[in-house]
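Below is one structure, written out as structure tokens, with a few remarks after it.
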Protein chains: 2
Amino acid sequence: MNTAQTLTKIPLFHTLTDTQYQQLARHARYLSIKRGEILFQKGDPSDGFYYVIQGKMKLAISAKNGNERVIEIIQTDMTFGEAVMFINKPYPVYAQAVVDSQLLFIAKQAILRAIEQDTQFALKMLAGLSYRLHSLVKDVESSCLYDSTQRIVIYLSMLEMNETGWIILPATKSVVASLLNLTPETFSRVLKILSEQQLITVKGRHIQIHDIEKLRQFSHTQPI
Amino acid sequence: MNTAQTLTKIPLFHTLTDTQYQQLARHARYLSIKRGEILFQKGDPSDGFYYVIQGKMKLAISAKNGNERVIEIIQTDMTFGEAVMFINKPYPVYAQAVVDSQLLFIAKQAILRAIEQDTQFALKMLAGLSYRLHSLVKDVESSCLYDSTQRIVIYLSMLEMNETGWIILPATKSVVASLLNLTPETFSRVLKILSEQQLITVKGRHIQIHDIEKLRQFSHTQPI
DNA sequence: CGCCCGCTTGATCGTCATCAAGGGCGGTGG
DNA sequence: CCACCGCCCTTGATGACGATCAAGCGGGCG
């Protein structure tokens with residue numbers, strides 16, 4: 001598949017014309033990245049954003065002492081790095097490949113031109129950023145107002161969209177734990193408790209939720 | 001001052017023409033709100049955003065048990081609520097007046113029209129949202145990677161832009177504490193410790209930083 | 001002058017991180 | 001096919017940070 005064709009898969013671009021796709025394609029470049037590799041470091045300058053053709057990336061921050069906190073896990077068919085493009089600031093996070101991945105980089109100038117030509121595109125861009133902002137507020141909310149069990153239950157509930165009742169964690173348990181602002185140890189312990197309560201079944205990264213309502217109830221009755 | 005004149009003070013609108021100002025003014029309305037009053041509740045639908053002509057607002061979330069967490073303090077000349085406008089979701093936070101305030105509400109449809117007419121405006125809007133996103137990431141970073149003393153020092157350093165060395169907290173200590181994800185008690189204790197270390201002087205909401213470098217050093221040497 | 005609200009200070013507790021060690025699974029090579 | 005190795009994950013013991021509960025202080029405003 002060529003670059004222009006790949007671009008048509010990005011939801012953000014769905015209102016564009018063929019000509020515009022060709023323009024974008026000229027400013028896009030394909031790249032492949034191996035598991036564990038760093039795409040950009042916190043502090044690097046930004047001149048475009050990325051689309052995940054296939055694979056998984058994680059955005060995270062880290063303290064001097066080595067502690068890290070995963071902000072987001074970017075999966076196949078998602079984009080990242082849009083926001084930083086519009087302000088002259090370096091990346092506030094670093095990006096690392098969780099598995100071998102294929103990415104598409106789209107240069108800032110191409111986006112700016114597209115915005116000039118297409119109002120709908122600008123609105124989509126705004127909606128995309130707004131959505132991100134919304135998610136982050138929810139994230140802050142979670143971290144501040146809920147304890148570890150509640151955060152985990154909320155997270156599992158979010159993933160619970162399949163019909164089967166089985167969900168698959170998008171990364172290793174350590175990474176998911178960090179996403180929920182927990183240590184791997186705590187994450188493991190809570191999953192064990194939920195298992196013992198017959199609320200879930202854990203098989204590696206696969207988790208079955210038996211009764212989502214009971215699960216939610218449990219997490220609320222925990223305090224006191 | 002009439003509405004159109006007030007609009008010209010909003011940085012976001014600086015590229016607009018007089019005609020556009022008139023258009024916007026028709027979709028804007030002035031409102032006055034008393035200290036403590038709620039402007040909108042979490043969950044309310046959004047159909048525009050707000051500009052603080054004079055006063056102070058706070059955006060916060062709250063848990064069932066009554067706990068609250070202040071996300072942002074909006075001061076005179078700042079805007080809020082832009083992001084939610086672009087996605088069909090209710091406010092993820094509630095807004096409350098910290099002091100008696102005058103606001104300008106600008107309806108969504110006026111903004112959408114302005115975006116259609118002015119590319120520069122769309123870009124400014126994008127930059128504004130990006131900036132918000134950036135701040136929030138910084139906020140998450142602070143909460144996760146730094147302890148209470150470090151967060152307070154970082155916050156005080158941010159406010160430290162005046163020449164005098166004296167800074168003024170933008171709200172009551174309780175509200176600032178919540179903004180830093182701390183209880184008032186902890187906030188008070190840390191300020192006391194910093195005072196005892198001769199690093200700052202506290203007089204009500206006025207704080208003098210004696211030596212910002214020593215202050216930073218202290219907050220880093222604390223752990224261990 | 002007195003009340004109320006916001007701040008301080010103290011004592012105690014709980015949650016989660018940290019430190020440490022052991023177990024399981026998958027991949028690789030003999 | 002089996003053995004080995006490394007990486008996660010688990011499980012246990014301990015501790016620290018900050019929250020909570022409780023009481024007293026102080027200053028501003030009516």
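Treat the numbers as computed from the prediction; the structure is a model and nothing was measured. A, B, ... follow the sequence lines: proteins, then strands. Residue 1 opens every chain. FYI, side chains are in, hydrogens and waters are out, and symmetry mates aren't considered; it's all heavy atoms of this structure.
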- [ ] With sequence neighbours left out, write down each residue that passes salt bridge (Lys or Arg N to Asp or Glu O under 4.0 Å) with B:R29, or none if nothing qualifies.
- [x] none
State whether [X] and [Y] are salt-bridged, where the test is any N-O pair (Lys NZ or Arg NE/NH1/NH2 against Asp/Glu carboxylate O) under 4.0 Å.
{"X": "A:E82", "Y": "A:K108", "answer": "no"}
{"X": "B:K34", "Y": "B:E37", "answer": "no"}
{"X": "B:D44", "Y": "B:K89", "answer": "no"}
{"X": "A:R151", "Y": "A:E141", "answer": "no"}

Provide, to the nearest angstrom, the distance between the [atom1] atom belonging to [X] and the [atom2] atom belonging to [N].
{"X": "B:R151", "N": "D:dC17", "atom1": "CZ", "atom2": "C1'", "answer": "11 Å"}
{"X": "B:R35", "N": "D:dC29", "atom1": "CZ", "atom2": "P", "answer": "10 Å"}
{"X": "A:I152", "N": "C:dT15", "atom1": "CD1", "atom2": "P", "answer": "14 Å"}
{"X": "B:Y146", "N": "D:dA16", "atom1": "OH", "atom2": "P", "answer": "23 Å"}
{"X": "B:K203", "N": "D:dG26", "atom1": "NZ", "atom2": "P", "answer": "16 Å"}
{"X": "B:I193", "N": "D:dG18", "atom1": "CD1", "atom2": "C1'", "answer": "12 Å"}
{"X": "A:L182", "N": "C:dT18", "atom1": "CG", "atom2": "P", "answer": "12 Å"}
{"X": "B:N181", "N": "D:dC17", "atom1": "CG", "atom2": "P", "answer": "17 Å"}

Open item on the list: So if I take the C1' atoms of five pairs at each end of the helix from C:dC1-D:dG30 to C:dG22-D:dC9 and get each local axis, what angle do the two axes make, rounded to 10 degrees?
Closed with: 40°
Task: Any side-chain donor near an acceptor of the partner, A:T186 and A:T183, under 3.5 Å - done: yes
Task: Check: A:Y51/A:D77 side-chain N/O donor and acceptor closer than 3.5 Å - done: yes
TODO: Evaluate the side chain to side chain contact (heavy atoms under 4.5 Å, CB included) criterion for residues B:F218 and B:Q197: first the C-alpha distance (whole Å), next the side-chain angles of each, then the deciding distance (0.1 Å), finally the verdict.
DONE: CA-CA 9 Å; B:F218 178 77; B:Q197 297 291 326; 3.8 Å; yes
TODO: Indicate, with a heavy-atom threshold strictly under 4.0 Å, whether B:R69 touches base, sugar-phosphate, or nothing.
DONE: nothing
Task: B:T172 side-chain N/O to C:dG6 phosphate OP1/OP2 under 4.0 Å - done: no
TODO: May I ask you to evaluate whether A:S174 reaches the phosphate of D:dC8, defined as a side-chain N or O under 4.0 Å from OP1 or OP2?
DONE: no
Below 3.5 Å is the cut-off: list the nitrogen or oxygen pairs between protein and nucleotides 8-14 of chain C, distance only.
unit_1	atom_1	unit_2	atom_2	d
C:dT8	OP1	B:K173	NZ	3.0
C:dT8	OP2	B:S188	OG	3.0
C:dT8	O5'	B:S188	OG	3.1
C:dG10	N7	B:R189	NH1	2.9
C:dG10	O6	B:R189	NH2	3.4
C:dA11	N6	B:R189	NH2	3.4

- [ ] Spell out, as yes or no, whether a donor-acceptor pair under 3.5 Å connects the side chain of B:S101 to the backbone of B:A97.
- [x] no
Task: B:S148, nearest nucleotide to its side chain (from C:dT18, D:dG18, D:dC8) - done: D:dG18
